[in-house]
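This report refers to the structure that appears directly beneath it.
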Amino acid sequence: MEATRTLALSSSPAAARRGPEKAAVYSVHFRHLSTTSSLHLRAAQSPVLRARSSPFQGWRRRRRAGGLVVRAEMFGQLTTGLESAWNKLRGVDVLTKENIAEPMRDIRRALLEADVSLPVVRRFIESVSEKAVGTDVIRGVSPDQQLVKVVNDELVQLMGGEVSDLVFAKSGPTVILLAGLQGVGKTTVCAKLASYLKKMGKSCMLVAADVYRPAAIDQLTILGKKVGVPVYSEGTDTKPSQIAKNGLKEAKSQKTDVIIVDTAGRLQVDKAMMNELKEVKRAVNPTEVLLVVDAMTGQEAAGLVSSFNDEIGITGAILTKLDGDSRGGAALSVKEVSGKPIKFVGQGERIEDLEPFYPDRMAQRILGMGDVLSFVEKAQEVMRQEDAEELQKKILSAKFNFNDFLKQTQMIAKMGSFSRLIGMIPGMNKVTPAQIREAEKNLKFMESMINVMTPEERERPELLAESRERRKRVAKDSGKTEQQVGQLVAQLFQMRARMQKMMGAMQGKDSPDMNELMESMKAEEQAAAGTGGRRRKYGNLRQRQLDAMRGFRRR
Ligand SMILES: Nc1nc2c(ncn2[C@@H]2O[C@H](COP(=O)(O)OP(=O)(O)OP(=O)(O)O)[C@@H](O)[C@H]2O)c(=O)[nH]1
């Protein structure tokens with residue numbers, strides 16, 4: 001029986017400008033893909049369109065029908081599975097441990113069906129549940145959208161977070177050794193990679209070290225010609241390690257940037273294969289050892305990357321035939337199972353069907369919800385802005401307290417090193433790493449005192465300014481001196497005054513001397529280190545701090 005599915009269509013802006021139906025380009029998200037499924041496509045301006053597709057014909061395969069170009073997405077099965085999780089959250093106000101239980105079960109099922117390995121699924125579910133329940137409610141963002149965002153971020157992390165670039169040798173040719181089981185697409189990858197590197201402006205040479213299948217050498221020679229790179233071969237009578245060594249020598253003499261060594265594929269991992277690879281590796285000392293794995297083998301591919309890494313030590317994986325994989329288990333498991341990144345993905349038989357593996361783009365493809373993700377990100381941005389406005393109000397009304405102080409310092413820590421932050425402020429001098437370490441140490445120092453304050457004291461620093469007993473208690477509980485606590489309190493009032501001055505300037509009420517402001521900030525930072533010499537040097541600062549406190553007491 002033929003399965004029929006209703007699919008959402010989205011038209012590209014350029015296509016929309018060209019007119020609704022004629023040459024419109026629609027990106028179709030195949031919610032469910034099976035070799036025989038008939039797909040009903042429904043769109044606001046388009047006629048119902050029937051298309052047939054096979055997952056093995058390439059996800060980018062375009063089908064023209066009635067002027068429409070239809071593009072099938074990979075991982076359709078996983079996307080559908082995840083969708084039911086979001087649907088279960090319709091109508092809830094906030095994500096709780098209880099109401100995410102069922103959606104999490106759906107996500108777990110979808111991942112297992114996608115052939116993601118069980119320990120990976122367990123860790124993923126645990127992490128998503130924890131983060132989903134802990135997320136702040138964002139105005140205008142529904143809990144299901146919020147869960148989509150958490151799942152997206154975790155998927156990106158699961159796949160390695162960042163794109164893992166190829167590493168090139170500092171001097172001499174970069175050697176890329178390709179390994180893999182038979183038929184995974186190794187020889188094709190050699191040519192695809194050479195073509196990719198050529199486009200990067202690197203000169204390449206292919207080395208035919210698969211001596212067991214004579215046709216492999218011919219295949220590589222033909223592919224080499226096709227992409228316009230030389231192929232080094234010595235037939236089938238020389239040892240692969242010797243061929244690789246000689247190939248490298250040849251590349252050096254020709255000043256070639258990169259050599260790609262094609263090795264023999266076997267039907268399974270066996271000792272002889274591993275030993276031979278180890279020998280080739282020893283002979284050419286490769287910069288990259290990449291294991292080519294077939295995406296359609298799911299979590300088995302991840303296991304293979306792991307065992308190759310244990311045996312010979314690899315630097316990453318290349319996942320081929322992603323175009324035929326509607327499940328996604330391999331892409332999701334490789335990094336987590338083996339600790340090695342996927343560096344490239346092959347998604348078609350053509351030379352140009354190889355691209356770097358981008359975990360974020362892949363996560364978006366899986367979820368198929370790019371618009372929801374950018375919406376949530378924008379809403380988060382608005383929330384941050386509202387936070388900032390709230391802070392601004394507090395500053396202007398002189399209510400900036402230790403909670404805000406802590407929030408600010410933690411935010412700075414989250415934003416990365418101090419240096420980048422300071423570097424962003426125009427007019428600020430470059431800071432040295434030692435100064436950065438010093439500033440970060442100071443933050444920790446101050447935090448330890450704030451952490452032992454009562455909620456009331458954090459809210460109203462005046463309590464500490466007025467009571468020596470309180471300052472003494474904070475000093476004792478944090479293991480600091482009374483004087484250091486006094487300094488911190490004075491610093492907060494100074495900060496208040498300075499921020500008010502700054503805000504006033506920004507709002508055109510006042511025109512502070514920026515140099516004076518910078519000077520005072522610098523002096524204050526150094527004074528916080530608290531050495532005797534510094535205290536003498538910045539004696540006038542201490543005086544200013546006392547003045548600030550006195551000024552407060554007078555109020
Ligand atoms: N759909 C699809 N087919 C691919 C991809 N990469 C390779 N193939 C096909 O997979 C088949 C095997 O590719 P080869 O490059 O010969 O594989 P191999 O690993 O070198 O094989 P051995 O030399 O026998 O070990 C060929 O028909 C390729 O066209 C891909 O990303 N997508």
Side-chain angles (χ1 to χ4, degrees), residues 30 33 35 53-63 71-76 176-196 206-227 229 231 233 235-236 240 243-244 260-270 272-274 276-277 280 289-298 300-301 304-305 308 314 316-331 334 342-358 362 365:
F30 280 17
L33 216 53
T35 14
S53 183
S54 147
F56 304 104
Q57 285 170 341
W59 79 280
R60 277 191 181 279
R61 185 183 171 113
R62 291 169 171 206
R63 294 195 159 271
R71 195 185 298 163
E73 290 285 350
M74 65 177 107
F75 302 163
I176 301 176
L177 179 61
L178 292 183
L181 300 187
Q182 214 172 63
V184 289
K186 227 174 329 88
T187 310
T188 317
V189 162
C190 281
K192 286 177 175 176
L193 204 51
S195 163
Y196 172 86
L206 301 178
V207 177
D210 178 359
V211 295
Y212 303 99
R213 191 168 65 91
I217 301 177
D218 299 337
Q219 189 189 350
L220 199 67
T221 311
I222 294 167
L223 287 170
K225 264 203 194 107
K226 195 167 166 188
V227 295
V229 298
V231 178
S233 76
T236 54
I243 298 175
I260 302 169
V261 184
D262 183 25
T263 62
R266 305 285 159 85
L267 281 173
Q268 75 241 358
V269 184
D270 58 38
M273 178 195 199
M274 290 299 185
E276 190 182 281
L277 269 173
V280 177
V289 182
L290 301 174
L291 184 73
V292 184
V293 283
D294 182 336
M296 292 204 285
T297 58
E300 228 179 277
L304 212 56
V305 177
F308 265 78
I314 61 168
I318 296 182
L319 205 56
T320 59
K321 309 185 189 179
L322 209 63
D323 49 310
D325 176 31
S326 71
R327 300 189 300 168
V334 165
I342 298 172
K343 295 213 168 189
F344 287 91
V345 285
Q347 33 201 21
E349 292 177 88
R350 297 169 316 161
I351 294 295
E352 59 270 33
D353 292 334
L354 181 85
E355 60 176 50
F357 180 68
Y358 297 101
M362 199 57 72
R365 273 183 196 172

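Indexing begins at 1, ligand by ligand and atom by atom, following the structure's order.
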(request) From atom 19 (O) of ligand 1, work out which of Gln347, Lys186, Arg350 has a heavy atom at the shortest distance. (result) Lys186

(message) Quick check: Thr320 and ligand 1, any N/O pair under 3.5 Å apart?
(response) no

(request) Under 4.0 Å, heavy atoms only, figure out whether ligand 1 is touched by the backbone of Lys192, its side chain, both or neither. (result) side chain

(request) Just let me know how Thr188 lines up against ligand 1, side chain, backbone, both or neither, with a heavy-atom cut-off below 4.0 Å. (result) both

(request) Work out whether the distance between some heavy atom of Ala216 and some atom of ligand 1 is less than 4.0 Å. (result) no

(request) Report yes if some heavy atom in the side chain of Leu178 is under 4.5 Å from a heavy atom in the side chain of Ile176; otherwise report no. (result) yes

(request) Tell me yes or no: between the side chains of Arg213 and Gln182, is some donor less than 3.5 Å from an acceptor? (result) no

(request) Consider every N or O of Leu322 and every N or O of ligand 1, then say whether any pair is closer than 3.5 Å. (result) no

(request) Return a yes/no value for Val189: is any of its N or O atoms, backbone included, closer than 3.5 angstrom to an N or O of ligand 1? (result) no

(request) Answer yes or no: is there a donor N or O on one side and an acceptor on the other, between the side chain of Asp210 and the main chain of Tyr212, under 3.5 Å? (result) yes

(message) For Val184, state whether at least one heavy atom is located under 4.0 Å from any atom of ligand 1.
(response) yes

(request) Using modelled atom types only, decide if a donor and an acceptor are shared between the side chain of Ser195 and the backbone of Ala191 within a distance under 3.5 Å. (result) no

(request) Side-chain contact test, heavy atoms from C-beta onward, threshold under 4.5 Å: evaluate it for Thr187 versus Leu223 and give yes or no. (result) yes

(message) If you measure every N or O of Asp353 against every N or O of ligand 1, does any of those distances drop under 3.5 Å?
(response) no

(message) Given 3.5 Å as the limit, does a donor-acceptor pair link the side chain of Thr320 with the main chain of Val293, or not?
(response) yes

(message) What I'd like to find out is whether the side chain of Ile260 reaches to under 4.5 Å of the side chain of Val207, using heavy atoms alone.
(response) no

(message) Out of Gly346, Ala191, Gly183, who is nearest to atom 25 (O) of ligand 1 when you count heavy atoms only?
(response) Gly183

